[in-house]
Amino acid sequence: MSQKVRADISPPYLSSGSDRDLNLQSTLQELQLYNFQVEASCTAAQVAKVFEKNPLLPGVILVEEGNYTGMISRRRLLELFIRPYGQELFFEQSLAVFYSYARTPILLLADHTPILTAMQLAMRRSPELMTEPVVVKTESDTYSLLDAQELNIASWQIRGIETQVRYERSQIQMIQNDKMASLGRLVDGIAHEILDPVGFIWGNLTYISKYSQDLLKLIAAYEQESPHPTKEIICLKEEIEFDFIEEDLSRVLTSIYTGAERLKKLVTSLQNFCHIDEVYPKPADLHKCIDNILLLINSRVKKEIQVIRNYGNLPPVYCFVGQLHQVFMNILSQAVDVLLDEAVRLQLNPAPGDKVEIPRIEINTSVISQTANNPQVPDSRWVSIRITDNGPGMSKEFQQQIIESFSVEKRADKETSLAVSYRIITARHGGKFNLRSEVGVGTEFEILLPLV
C-alpha cells in the first residue's frame, strides 16, 4: 500500500465470540465496530486494496487533518467502479473527488445509543440506504463503522429476548392470576362462612332487645304488685346487681349491634375486593368501591391519618369493579405508607423548618368535560377521581422513573403496583392515569374514566 494511506483497522470492540449476552438495554458499543480511517487525499485504488484484504469491512471513514468529514461504503465504491469507464475515471482519483460523486445521507449515532433505537432509525431510511453502514461516534470523538447486517442481527436477537421475557412474564402473570382467582374464591368462601353466623347474630339482636325489654317490664310489674319483696329477692337483686343490669343492658345490646354491623361491612368489603370480574364490564358505584377499600385499610389509618372524602354526584360507571378495587388499594396503600413513613421520620429526625401537619388523604370525585382539539368531535365526559396526600412529595427524577415504569419495556423488566394500576386504567378501561407531585407539598394521583 502507498505511504499516503493512513489506514488503521482496529480489532472490534466486541468480537462475535464474546461471552457477553445482549439485553434490552444493550447499546451500539457492545457490537462489532470497524475502525478504518483514511485521509481524503488518498486514492480510491489504495482503499480498494484494503477492501480486497478485508471482505467484511463495510466502508471507510474520511478525515482531513484528523477531523471527520464523511463516510464511503464498500457498496458505493463498487457501484462507481462498475459503471462504464468507472475505473478509468475514479480509480486513481482521490477519495475527496470520489466522495463528491458518491455522497449519500449518513446515519451518525453515538455509541451509547440503544440497539433497538438505532434499528428503528436505520429502518426509517429510504430503501436504497438500508444496507449502508452506520457511523458510530464515541465519547472520545473517534468514529467507527457498524455494518447494517450486524445491527439487524443484533436487533432480532434482542427482539427474541424481549419476546421470551414477555412470554415468561405472561406465564407468570397467568399463574399469578390463577392464584389470585383461587385465593379470591377461598376468601369469598371464608367470608360467606363468617357472614352466616353474623347473620344469625344480626337477625336475633332485634328479638333479644325486644325480649329483654319485655322481661324488664314484667319485673317492673311484679314490683308494682308486690311493693314489699321478700328478703331472698332483695339479696338476689343485690347479688346480681339488678339496678346496674337494668341500666347497662341497652348499652350492651347497642354495642353488640355496632360490632356485628362493622363485622358485616368488613366482610362484605373483603368479598367485594376479592370479586372476580366477568368478561364484560358492569355498572358500579365508585364511591362504594372507595369506601370498601378505606374500610379494609382502616386498621392502618386509624386516628393517625385524616381521610377527607369530597364526593360529587357520580352516575354508575361501567367498569371491571374487581380491578378498580385493586387500583384504589394500590394508590391508597402507597399514600398511607408515605404518610406513616414521613410521620416516623419527623419524630425521629426532625429537620429545621419541617412543617408539622396532620397527615391527610383527600379524595375528590366529580364529572368533568374535556374539549377535543378537533371542533367536529364533541366534548367528552369523564369521571375524575383525585387522591391527594400532603406527604413529602416526589422529585422530578423519581416521577420520571414512575412514568417510565408504565412503558412496555420497563414492565417487561419489573412490574410495579402503579404500573399495574396504569395498565388497568388505560388498557382495560380506556381511561387516563395522571401523576402530579411537588416536593414539600404532596402527591396527587388522578384517575379519569370515560362515561359511555
Side-chain angles (χ1 to χ4, degrees), residues 7 9 12-14 16 22 24-40 42-45 47-48 50-52 54-64 67-87 89-91 93-138 141-163 407-409:
I9 304 177
Y13 294 174
L14 179 63
S16 58
L22 298 178
L24 299 179
Q25 286 76 39
S26 292
T27 59
L28 295 181
Q29 58 190 348
E30 298 180 41
L31 300 180
Q32 183 168 310
L33 302 176
Y34 294 90
N35 181 13
F36 178 43
Q37 298 183 4
V38 299
E39 289 287 340
C42 295
T43 65
V47 174
V50 178
F51 282 155
E52 185 178 355
N54 298 272
L56 297 181
L57 189 63
V60 55
I61 298 290
L62 301 182
V63 295
E64 290 184 0
N67 297 321
Y68 167 82
T69 59
M71 181 273 295
I72 300 176
S73 67
R74 172 191 290 267
R75 186 171 70 90
R76 292 295 178 189
L77 186 69
L78 294 177
E79 284 179 353
L80 286 180
F81 280 171
I82 64 176
R83 288 183 180 182
Y85 308 104
Q87 293 196 20
L89 293 175
F90 298 109
F91 202 64
Q93 294 289 337
S94 68
L95 291 178
V97 174
F98 192 89
Y99 185 58
S100 64
Y101 283 92
R103 181 174 297 180
T104 55
I106 297 174
L107 179 59
L108 176 62
L109 300 174
D111 62 348
H112 55 77
T113 304
I115 293 176
L116 294 181
T117 302
M119 188 62 193
Q120 291 176 353
L121 295 174
M123 292 298 292
R124 292 175 185 171
R125 299 183 293 182
S126 57
E128 66 271 12
L129 300 177
M130 287 297 183
T131 58
E132 288 290 292
V134 178
V135 179
V136 180
K137 181 181 179 182
T138 65
D141 289 336
T142 59
Y143 295 84
S144 302
L145 291 176
L146 171 62
D147 184 54
Q149 183 67 10
E150 178 79 14
L151 176 62
N152 191 24
I153 293 174
S155 174
W156 277 108
Q157 287 177 347
I158 295 177
R159 289 298 184 190
I161 295 171
E162 184 180 19
T163 302
S407 66
V408 176
E409 289 79 8

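Values below: all heavy atoms of this structure, side chains included; hydrogens, waters and symmetry mates excluded. Treat the numbers as computed from the prediction; the structure is a model and nothing was measured.
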Please assess R74 against L57 for the test side-chain contact (heavy atoms from CB on, under 4.5 Å), listing each intermediate value before the final yes or no.
CA-CA 8 Å; R74 172 191 290 267; L57 189 63; 4.0 Å; yes
Nearest 0.5 Å, what's the [atom1]-[atom2] distance between [X] and [Y]?
| X | Y | atom1 | atom2 | result |
| --- | --- | --- | --- | --- |
| T69 | Y143 | OG1 | OH | 10.0 Å |
| L28 | D111 | CG | CG | 7.5 Å |
| I158 | I153 | CD1 | CD1 | 12.5 Å |
| H112 | T117 | NE2 | OG1 | 11.5 Å |
| S26 | L31 | OG | CG | 8.0 Å |

[X] versus [Y]: any side-chain heavy-atom pair under 4.5 Å?
| X | Y | answer |
| --- | --- | --- |
| L109 | V135 | no |
| L62 | I72 | yes |
| R125 | P105 | no |
| F36 | I61 | no |

If you take all heavy atoms of [X] and [Y], which pair is closest and at what distance?
| X | Y | value |
| --- | --- | --- |
| S144 | N35 | OG-CB, 4.1 Å |
| P58 | D147 | CB-OD1, 3.8 Å |
| L146 | Q32 | CD1-O, 3.7 Å |
| V136 | A110 | CG1-C, 4.2 Å |

Partners meeting side chain to side chain donor-acceptor pair (under 3.5 Å) with [X] (sequence neighbours left out):
| X | value |
| --- | --- |
| T131 | R75 |
| S73 | E132 |
| T113 | none |

Report the C-alpha distance between T142 and K137 in whole Å, list the side-chain angles of each, state the deciding distance to 0.1 Å, and finish with yes or no for side-chain contact (heavy atoms from CB on, under 4.5 Å).
CA-CA 6 Å; T142 59; K137 181 181 179 182; over 6 Å; no
I'd like to know if the side chain of R124 and the backbone of L121 have a donor-acceptor N/O pair within less than 3.5 Å.
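Judged by distance alone, no pair lies under 3.5 Å.
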Between the main-chain N or O of V60 and the side-chain N or O of Q37, is there a donor-acceptor pair closer than 3.5 Å?
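Absent.
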Who passes side-chain contact (heavy atoms from CB on, under 4.5 Å) against [X], sequence neighbours left out?
| X | value |
| --- | --- |
| M130 | M123 |
| L56 | Y34 |
| T27 | Q29, E30 |

Pair L151-I115, side-chain contact (heavy atoms from CB on, under 4.5 Å): steps then yes or no
CA-CA 7 Å; L151 176 62; I115 293 176; 3.9 Å; yes
